[in-house]
Amino acid sequence: MPSDFDKPYDPKAVEPEIYEKWEKSGFFNPDKLPKKWTKTFTIIMPPPNANGALHIGHAVFVTLEDIMTRFERMRGKKTLWLPGADHAGFETQVVFDKKLEKEGRSRFKIPREELYKEMLSFTLENKKIMETQLRKLGASCDWSREKFTLDPEIITTVYDTFKKLYGDGLVYRENKIVNWCTKHQTTLSDLEVKYVERKDPLYYIRYGPVTLATVRLETKFGDTAVAVNPKDKRYKNLVGKEIEIKTLLGPAKIKVIADGAVDQKFGTGAVKVTPAHDPNDFEIWKRHKDEIPGPRVVIDQYGRMDLREFWDRPNSKKYHGLKVMEARKIMEEDMQKEGLMVKIDPDYAHAVATCYKCGTILEPRILPQWFVRMTAKPSLRDLAVRAVKKGEVKFIPARTEKIFMHWMKNLRDWNISRQIVWGIRIPAWYCGCAEIIVSPDPPAKCPKCGSKNLVQDPDVFDTWFSSGQWPFATLGYPNGKDFKTFYPTDVMETGHDILFFWVARMIMLGLYRTGKIPFRTVYLHGLVRDKDRQKMSKSKDNVIDPLGVAELYGTDALRLALVIGNTAGNDIIISEEKIRGYRNFANKIWNATRFVLQEIKKSPPKAEKSDKIKLGKLKRLVKETTRDLESHRFHHAAEHLYHFFWHYYADKVIEEMKKKPNPLLLLEFHRTLIKLLHPFLPHITEKIWEELPGPAGGKNKKLLMIESWPKP
RNA sequence: GCGCGGUUAGCUCAGUGGUAGAGCAUCGCUUUUACACAGCGAGGGUCGGGAGUUCAAAUCUCUCACCGCGCACCA
């Protein structure tokens, strides 16, 4: 027995050496695989955010994607798993903001160029760490093709897509009411809004002859109308008339209008219309532009009262500059004193829009932003819905398709402008006339008015706009050889939490740009939780560091623990105990190998009477494992292998061989099982393979990673 | 409001028509030369309630209860 086959199995001594062998072999690169392997298999890795260390969720995708990659490679396919890293726009901006804050700095005080440079080096530093960590997890991806979301060729592709969309009228710039985070000082897409249930006072206030209900008392100064339902008999005689009202800033007049969006049954059936600060009211105003004044801004970008428009009115300075919530409280008291408050319902339950990152209540604002048109016909949405309906893209688990369709149905235009520095700057230029020039480079002059004084849009793209183009951008669309060879890709494996953010956008933009779906199968995994089903978070101190446990128990054990017992789409429960359990399994395999090597040394394998029952069972296992892997039932395959190896092969077959040796059969079993286990436990199996004799004797020369998968 | 799920052993979960499973946990025995990171064995579930289809239901249908998730501009 070779000296390095000591007990127990020591992953620390084996794993790094094995990864190095794989990487040196070049077989991660499909071009280096045997030429006769022509059928392709492609996975584009969801690029991890290069703004911190890898967490356990990353270990999940590495495990699943590596299993698929290794399985298909062993089946003789030209297999490409393309790795990448994401600059992760707003996400990284938030991380970096926190870092700055700790240092007593603020991004709002750093010049754009300087901030960008600093963030770039921060990101590239993290990217390097991340790449090392992916290697430690055993990822058999092609590093020679690695891409970063800010690579020049990726940005060029993104710019080309934007230009095409603009030419087709599918992106447009418009002043619209958008979600604004007063902390992060940027707009957010509808997906980045988190609605939280809250209880707030509902104020019934007196507007002359009308009583109306509102939560947002402070927006009252921005009212431009009172709206009622056209069918509401109570207000019939008021519609179209101006009513005299008493306000905290003195007397005023306001018009009553009729709009079908007003619910007669809610409150008093009358609402105040504040188009500058409420999305509903903005829409109402758009329908009544001729009748009522436009939006009147009374809250600034920091969420403070801005009453400069009312400077000449009494009391305006009293509220000016107050935070929204402070203003609301003081106004409540003042209105009660003035007799303007009819009643207060103190515990009105409603949903409030907040920033998904910091929880700050969003302040709707009207801003010029770029939108991707989703609802027009024909639209990006139609392309995607049609392809999915036709079954060109298959979802795992299948129920995801219903969720996808439901979201697509409710889709609205997508705001892709962000007021941050970190990202791909929007390639649009303005001069002051109405003309917009879409170009990556500064145009010499405006073709319409001739002005040479052009300024670029200060905003950057929503990061999902660019990463939504990832599959074809990384493969070098339109002329790249890789694009022709590997697109459409086979599987997109990612977390179900980014189904809409990313997967849906990739399908839409992929179809739009290339005319083809970006991937045939979407496999979604769940969120990782601890053994008490708690979300992992630093504050709960229940975070499992994948690299830490891999160091302790071995990467292979971690990988198996992440696969077994976890089905697609469902949350993944992991605990250190579980990982330890599979560490024991690795050790079991190791020791069984020691037995096999010892037996073979004792009596070299030669033809014995074959055991049809045992071989039949093995054959069935090969068949089932293959079928399970083909249908993405990884947990099932892994569980069966575990059970078969331990409770049949080790407990029965090996035990029997101690009494009645049959080294040839033993070797057949061992070779087959090691191959079947390789996608799940790549390091230990590769190490064992080195020492295992081939069927004709002599050590295996080929790496296990490119050995042929057992024939089912 | 619309949509999607879940409810199986103490815990975490597999199992989708044919006599209830795994890991961990618990208990007992065994230091037998691959392995104590082990082996052998034990306990433990009327598969959320009810109804139906079927020769047969954890599995299909309906219904109720509870839990979870997603989407959503009701002031």
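Chain letters run A, B, ... following the sequence lines, proteins first, then strands; residues in each count from 1. All of these numbers come straight from a predicted model, not from anything done at the bench. Hydrogens, waters and symmetry mates are skipped; everything else that's a heavy atom, side chains included, is used.
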> With a 3.5 Å cut-off and no angle check, do the side chains of A:His350 and A:Asp200 form a donor-acceptor pair?
Replying inline: yes

>> Return whichever of A:Gln264 or A:Asn410 has its heavy-atom-nearest nucleotide of RNA chain B closer to the 5' end.
In response: A:Asn410

>> Within the 4.0 Å heavy-atom criterion, would you say A:Thr400 contacts the bases, only the backbone, or no part of the nucleic acid?
In response: nothing

>> Just to verify, which of A:Arg633, A:Lys623, A:His635 counts as forming a side-chain hydrogen bond (donor to acceptor under 3.5 Å, both in side chains) with A:Asp628?
In response: A:Arg633

> NA contact type, A:Arg412, heavy-atom cut-off 4.0 Å: base, sugar-phosphate, or nothing?
Replying inline: base

> Parallel, tilted or perpendicular for A:Phe644 and A:Phe669, by the 30°/60° rule?
Replying inline: parallel

> Taking atom P of B:G15 as reference, at what distance in whole Å does atom CZ of A:Arg633 sit?
Replying inline: 7 Å

> Looking at A:His632 and A:Tyr523, what are the two nearest heavy atoms and their distance?
Replying inline: O-CE1, 3.5 Å

>> Please pick, from B:C71, B:U12, B:A14, the nucleotide with the shortest atom-to-atom distance to any side-chain atom of A:Trp407.
In response: B:C71

>> Measure CG/A:Asn229 against P/B:C74 and give the value in whole Å, please.
In response: 17 Å

> Tell me the salt bridge (Lys or Arg N to Asp or Glu O under 4.0 Å) pairs involving residues 406-415 of chain A, sequence neighbours left out?
Replying inline: A:Asp190-A:Arg412

Donor-acceptor contacts, no H, no angles, side chain residues 207-218 of chain A, under 3.5 Å, sequence neighbours left out:
{"unit_1": "A:Tyr207", "atom_1": "OH", "unit_2": "A:Asp223", "atom_2": "OD2", "d": "2.2"}
{"unit_1": "A:Thr214", "atom_1": "OG1", "unit_2": "A:Arg216", "atom_2": "N", "d": "3.1"}
{"unit_1": "A:Arg216", "atom_1": "NE", "unit_2": "A:Glu218", "atom_2": "OE2", "d": "2.9"}
{"unit_1": "A:Arg216", "atom_1": "NH1", "unit_2": "A:Glu363", "atom_2": "OE2", "d": "3.0"}
{"unit_1": "A:Arg216", "atom_1": "NH2", "unit_2": "A:Glu218", "atom_2": "OE2", "d": "3.0"}
{"unit_1": "A:Arg216", "atom_1": "NH2", "unit_2": "A:Glu363", "atom_2": "OE1", "d": "3.1"}
{"unit_1": "A:Arg216", "atom_1": "NH2", "unit_2": "A:Glu363", "atom_2": "OE2", "d": "2.9"}
{"unit_1": "A:Glu218", "atom_1": "OE1", "unit_2": "A:Arg328", "atom_2": "NE", "d": "2.8"}
{"unit_1": "A:Glu218", "atom_1": "OE2", "unit_2": "A:Arg328", "atom_2": "NH2", "d": "3.1"}

> Minimum heavy-atom separation for A:Arg583 to A:Tyr553, with atom names?
Replying inline: CG-O, 3.5 Å

> How far, in whole Å, is B:A36 from B:U31 if one measures between their C1' atoms?
Replying inline: 8 Å

> Got a sec, which pairs hit salt bridge (Lys or Arg N to Asp or Glu O under 4.0 Å) with one end in residues 565-576 of chain A, sequence neighbours left out?
Replying inline: A:Arg529-A:Asp571

>> Between B:C47 and B:U59, how many Å separate the two C1' atoms, rounded to a whole number?
In response: 10 Å

> In whole angstroms, how far is the C1' atom of B:C71 from the OH atom of A:Tyr356?
Replying inline: 17 Å

>> If I take atom NZ in residue A:Lys194 and atom P in nucleotide B:G70, what distance separates them, rounded to the nearest angstrom?
In response: 8 Å

> Given atom CG of A:Asn566 and atom C1' of B:A22, what is their separation to the nearest angstrom?
Replying inline: 13 Å

> What integer number of Å spans the P atoms of B:A57 and B:G48?
Replying inline: 15 Å

> Where along nucleotides 24-37 of chain B does protein come under 4.0 Å, by heavy atom, of base (B) or sugar-phosphate alone (S), with - for untouched nucleotides?
Replying inline: ----------BBSB

>> Using a 4.0 Å heavy-atom cut-off, does A:Asp263 contact any base of the nucleic acid, only the sugar-phosphate backbone, or nothing at all?
In response: base

> Expressed in whole Å, how much space separates the C1' atoms belonging to B:C2 and B:A72?
Replying inline: 8 Å

> In the 5'-to-3' direction, what one-character label does each nucleotide of nucleotides 5-11 of chain B receive under the scheme B = base within less than 4.0 Å of a protein heavy atom, S = sugar-phosphate only, - = no such atom?
Replying inline: S-----S

> If the P atom of B:A14 is compared with that of B:U63, how far apart are they to the nearest Å?
Replying inline: 25 Å

>> Rounding to an integer number of angstrom, what distance separates B:A9 and B:A51 when you compare their C1' atoms?
In response: 27 Å

> Should the heavy atoms of other residues, nucleotides or ligands under 6.0 Å from NZ of A:Lys389 be counted, would the total exceed 12?
Replying inline: no

> When the C1' atoms of B:G3 and B:U46 are considered, how many whole Å apart are they?
Replying inline: 34 Å

>> Please tell me whether A:Thr187 and A:Gln369 have a donor and an acceptor in their side chains that are separated by less than 3.5 angstrom.
In response: yes

> Rounded to whole angstrom units, what separation is found between the CG atom of A:Asp413 and the C1' atom of B:A72?
Replying inline: 16 Å

>> Does the plane of the ring in A:Phe645 sit parallel, tilted or perpendicular to the ring in A:Tyr649? Use 30° and 60° as the thresholds.
In response: perpendicular

>> Could you write out RNA chain B as dot-bracket? Rules: Watson-Crick or G-U wobble, both distances under 3.5 Å, brackets [ ] for crossings, | for pairs with another strand, dot for unpaired.
In response: ((((((((.[[[[.)..(..]]]].(((((.......))))).....[[[[[..)....]]]]])))))))....

> Are any of A:His635's side-chain N or O atoms less than 4.0 Å away from OP1 or OP2 of B:G15?
Replying inline: yes

>> Expressed as a whole number of angstroms, how long is the span from A:Glu192:CD to B:G70:C1'?
In response: 16 Å

> Base, sugar-phosphate alone, or nothing: which one does A:His647 contact when heavy atoms must sit under 4.0 Å apart?
Replying inline: sugar-phosphate

> Touch check for A:Phe404, heavy atoms < 4.0 angstrom, all strands: base, sugar-phosphate only, or nothing?
Replying inline: nothing

>> Need one value for A:His406: base, sugar-phosphate or nothing, where a base atom within 4.0 Å counts as base even if backbone is also close, heavy atoms only.
In response: base

>> Can you see whether A:Tyr356 has A:Lys194 sitting over its ring - NZ or CZ less than 6.0 Å from the centre and within 45° of the normal?
In response: no

> A:Phe680 and A:Phe634: which non-hydrogen atoms are nearest, and at how many Å?
Replying inline: CE2-O, 3.8 Å

